[in-house]
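Right, one structure below, let's go through it.
Each chain gets a letter, A, B and so on, in the order its sequence line appears, and its residues count up from 1. Heavy-atom basis, side chains included; hydrogens, waters and symmetry copies ignored. Every value quoted in this text rests on a predicted model; they were computed, and no experiment measured them.
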Amino acid sequence: MTARRRATAIAGLTAIGVVAAGCLPAPATVEARRTADLYTTFVAVAAVVAAIVIGLSVFAIVRYRARGDETLPRQVIGNTRLEAVWTAIPLITVAVLFGLTVLVLNAFDDATRAAAGVEIRVTGFRWGWRFEYPAEGIRMEGVGRPGPEAYVPVGENIHVTLTGADVIHSFFVPQFLFKRDAIPGRLNEFAFTVDAPGRYGGQCAEFCGLYHSQMPFTIVAVSPADYEAWVAAHRGGGAGASASPGVAPGGSASPAASTAAGASTSPGASTSPGGSAAPEPSR
Amino acid sequence: MTAATLEAGRQGHLDLLGWIATTDHKRIGVLYGVTALGFFLVAGLLALVMRAELAVPGLQLVGEQTYSGLFTIHGTAMMLLFATPMVSAFANFLVPLQVGAADMVFPRLNALSYWLFLFGGLVILSGFLVASGPADIGWTGYAPNSTLPYSTTTGTDLWVVGLLLTGVATIFGAVNFVTTIVTRRAPGMGLLRMPVFTWSILVTSILILYAFPAITAALIMLLLERRFGATFFDPTAGGDPILWQHLFWFFGHPEVYIIAIPFFGVIGETIPVFSRKPLFGYKAFVLATIFIGAYSMTVWAHHMFTTGAVNLPFFAATSFLIAVPTGVKFFNWTFTMIGGRLTFPAPMLWSVGFLFTFLFGGITGVMLASPPLDFQFQDTYFVVAHLHNVLVGGSIFSMWAGITFWFPKVTGRRLNEPLAKAQFWLWTIGFVVTFLPQYQLGADGMPRRYADYPADAGWTTLNMISTVGAFLLALSVLVFLIAVVEALRRPADAGPDPWQANSLEWWADSPPGHHNFPNLPPIRSERPVFDAREAARAAANGEPPAGSAVAPAPAGPGPVGPAPAGGSPEAPA
Ligand code: HEM
Ligand SMILES: [Cu+2]
Ligand SMILES: [Cu+2]
């Protein structure tokens, strides 16, 4: 293989890499837009770093390939000034990245501390989610697929207090570019403000046992007026609860899916807080 | 000894008892290597089953419970029964040779640590034989999911006990390496004349002594909690699940460097040899190794950003910082090549391949070090891609570089070059096809440790591509095995120094005799064999003897014979 062909191959590999490290979902919250901007900055810096390092290596490979001459090259053992430069430049680069990171983290903290438009308590359990709206008196729970649907108004600060009932789960909505662990014995807080109405799928992201892949949920963002209507229909629990028993792909061994508002008597919820029941392994 | 054994093996009389009873560091190194590769094949097969299952949505091959067992044992075996023991394999074989010693300081402890490792590994795998199946808790074993009543299988107890045994084995090994490096260096070999591989093992061993006690303690606590009523991790009884994560990652993050630093050392050996130049910035490289080791003790909680239980800016800052010494190494490697006279036999192909693949792992690592980005990527396929990028693209690429580089030293035979190159290209393509699509899957939000995913999630195409890549990787391993068998059927004719290399192991026979060296060349730099070769060549040409840093001069013929024995007057530093 000629030096040029090798160089082309390596350049192609690089291009694939840049494409593959790729794109985030379109950000759906105020906070997610910050994350997306930060990510864009990181990718830009990464591209420059990769270009420099790959460029140097490709240059070395192409230019200094042995071409039949048997002479020993000059035995250079180092260059202190060069070495100082290539220590300093990465140091400055990561210092800048760190600064940008802290700015975004501070914004997240501010959102969490800001006055809440809606308070939601979310609990992950084996294998489903419970959403409680203390002020509105709504409590709903869903096991398996398709999981519970929690409504929120767009443009308002939604404050979530998160915990786990048995083992650790993780509340993850890809379009919010955010996840937070639901840990038994701890309360985690975060906040988000959804930009536009829509249905935003979420799922568990911390391995929690047998049906870890079968506990999705949906955040349904609606206009404030529609949200009020939803609250009115569900206030006090019970009303309008759609029990939708379903079977997850894979058949009989999957947990029954159900959504129930007002009560936690859903069939298939094998564990209540404290976690008494363990799953039967499906061989 | 090794030569005779391999010879005998070829004729069907393997000196079995000799191998079982051996305390020779070279044989123990080979035992470690062969056993680790065996576990690699097992863990690789498990990976193939997982990738086959994930190729299309729906559960076709295995159920959820089996899938949990697959990734748990795959991850555990790859990390602790393959990559870590592979470090011991290289270190056992090479460290005494590189420092000019006859053996390790504690040969019997060395044998004990191998047998403990083998036994512990088999205990972990024996989970596949019990009715309730192997451990199903992930290689990270997060509590309380790993406690009763949540993980009911006996396999989890076997996992705990097996890991305790292999952990103790690793600690014994580290004690041996530190002692050997500190006390057994040949006259003239000051600390700053040690080969960078040996330096890497010194730093790694210290890291082991720091990290493994934490996991040992954590595993004992888990066993007490599972079987004897303790409640360390149970929040309903005053325990805390986060405690497990701190203990695990206090070990787990250094562990990642325990299987990276030695392989950086390997690349620090190969690139100079195939560039015909000394390592550019040897002292900076050594210093960077020490810094990486030290920083790696301060970053563990970057695995816990989404717990909401750790100081985000602190652990972000330490994690970002570790990119700096790693960057220094990159420049050491590339500037060694610049101005050199580069040749590309298999070990150099692997080394250059490593530079490109590891770069991506490093870059995505910096992204994960930023907590807001981690909030999206944590526990998704982005992390799966990143960790394999670092482990497969970093450690395993350089492991293959090391295996192809030292194969002639260990066996006396060179690998068939076309086969070795075919293995490299298959592996490289397989690696890119398997793992790069996973970055996009993770960015899209596909969580890791999912036995199945919905058909309408839009993840099917990328998963299918990734699965195809995994089978290319398997094919590459097959080619390697064929190359090994082919080589072992030939007579041993590699000679002591087939690559015109630098460090002392190339002074010994291939394979080295029982006590390694009949004599040693003078050690006046970190490249004693290079110096001896150049001196012999200069003498043959009637030139005045040149030092280590010589001007352009014609290269010598083949390997040179043993030069007059004698060390330099300086004592080890
Ligand atoms: C060479 C081909 C390899 C393939 C095709 C492969 C494939 C996989 C797959 C499919 C998973 C499970 C992903 C999930 O469901 O979350 C996985 C997890 C993992 N792999 Fe590999 N792997 C390979 C090599 C390695 C190597 C060489 C190492 C380490 C040295 C390694 C370490 C891990 C670890 C630590 C995990 C995480 C396990 C867990 O989630 O508990 N893998 N790999
Ligand atoms: Cu889960
Ligand atoms: Cu880490």
Between [options], which has the largest tally of heavy atom pairs under 4.5 Å with chain A?
options: B:Phe274, B:Trp333, B:Phe330, B:Tyr450; result: B:Tyr450
options: B:Leu321, B:Asp379, B:Thr334, B:Asn145; result: B:Asn145
options: B:Phe375, B:Phe233, B:Tyr67; result: B:Phe375
options: B:Thr306, B:Leu312, B:Ile242, B:Thr343; result: B:Thr306

Quick check on [X] against chain A: is it the side chain, the backbone, both or neither that has a heavy atom closer than 4.5 Å?
X: B:Phe71; answer: side chain
X: B:Asp444; answer: both
X: B:Ala143; answer: backbone
X: B:Thr380; answer: side chain
X: B:Tyr282; answer: backbone
X: B:Ile137; answer: backbone
X: B:Tyr142; answer: side chain
X: B:Leu359; answer: side chain
X: B:Val366; answer: both
X: B:Ile429; answer: neither
X: B:Asn332; answer: both
X: B:Ala317; answer: both

So for [X], is it side chain, backbone, both, or neither that comes closer than 4.5 Å to the heavy atoms of chain B?
X: A:Phe172; result: side chain
X: A:Arg63; result: neither
X: A:Phe190; result: neither
X: A:Arg34; result: neither
X: A:Glu206; result: both
X: A:Ile183; result: side chain
X: A:Leu82; result: side chain

For [X] against [Y], the heavy-atom pair lying closest together:
X: B:Ala455; Y: B:Pro57; answer: CA-CG, 3.7 Å
X: B:Leu54; Y: B:Ala451; answer: CD2-O, 3.8 Å
X: B:Pro313; Y: A:Phe98; answer: O-CE1, 3.3 Å
X: B:Ala443; Y: A:Cys23; answer: CB-O, 3.4 Å
X: A:Pro73; Y: B:Lys277; answer: CG-CG, 3.8 Å

Handout entry: Aromatic centroids of B:Phe377 and A:Tyr39 separated by under 6.0 Å
Key = yes
Problem - Rounded distance (nearest 0.5 Å) linking atom OG1 of A:Thr29 with atom CG of A:Leu177 - result: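 Here the interatomic distance stands at 6.5 Å.
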Practice task
Kindly indicate whether the side chain of B:Arg449, heavy atoms from C-beta on, has any atom under 4.5 Å from the side chain of B:Ser68.
Solution key: no
Problem - Heavy-atom side-chain contact between B:Phe356 and A:Val53 under 4.5 Å - result: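 When only atoms from C-beta onward are counted, A:Val53 and B:Phe356 do not touch, as no gap falls below 4.5 Å.
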Problem - Reference residue A:Tyr200; test ring pair (Phe, Tyr, Trp, His ring centres under 6.0 Å); the match among A:Phe176, A:Phe217, A:Phe192, A:Phe178 - result: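 Exactly one option meets the ring pair (Phe, Tyr, Trp, His ring centres under 6.0 Å) with A:Tyr200, and it is A:Phe176.
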Exercise for the section: Mark yes or no for whether A:Gln203, through its side chain, and B:Gly445, through its backbone, hold a donor-acceptor pair below 3.5 Å. Expected result: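 Confirmed, A:Gln203 side chain pairs with B:Gly445 backbone.
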Exercise for the section: Using modelled atom types only, decide if a donor and an acceptor are shared between the side chain of B:Thr153 and the backbone of B:Gly133 within a distance under 3.5 Å. Expected result: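 Checking the backbone N and O of B:Gly133 against the side chain of B:Thr153, a donor-acceptor pair under 3.5 Å is found.
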For the residue pair [Y] / [X], report whether a side-chain donor-acceptor contact shorter than 3.5 Å exists.
X: B:Thr307; Y: A:Asp181; answer: no
X: A:Glu189; Y: A:Thr112; answer: no
X: B:Asp136; Y: B:Ser151; answer: yes

For the candidates [options], which exhibits the highest count of non-hydrogen atom pairs separated by less than 4.5 Å from chain B?
options: A:Ala182, A:Ala32, A:Pro25; result: A:Pro25
options: A:Gly209, A:Gly185, A:Pro174; result: A:Pro174
options: A:Pro90, A:Pro184, A:Gly164; result: A:Pro184
options: A:Val102, A:Val45, A:Val76; result: A:Val76
options: A:Glu83, A:His212, A:Glu31; result: A:His212

Practice task
If the plane angle is over 60° it's perpendicular, under 30° parallel, otherwise tilted; pick one for B:Phe331 and B:Phe335.
Solution key: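 Rings of B:Phe331 and B:Phe335: tilted, as their planes differ by 30° to 60°.
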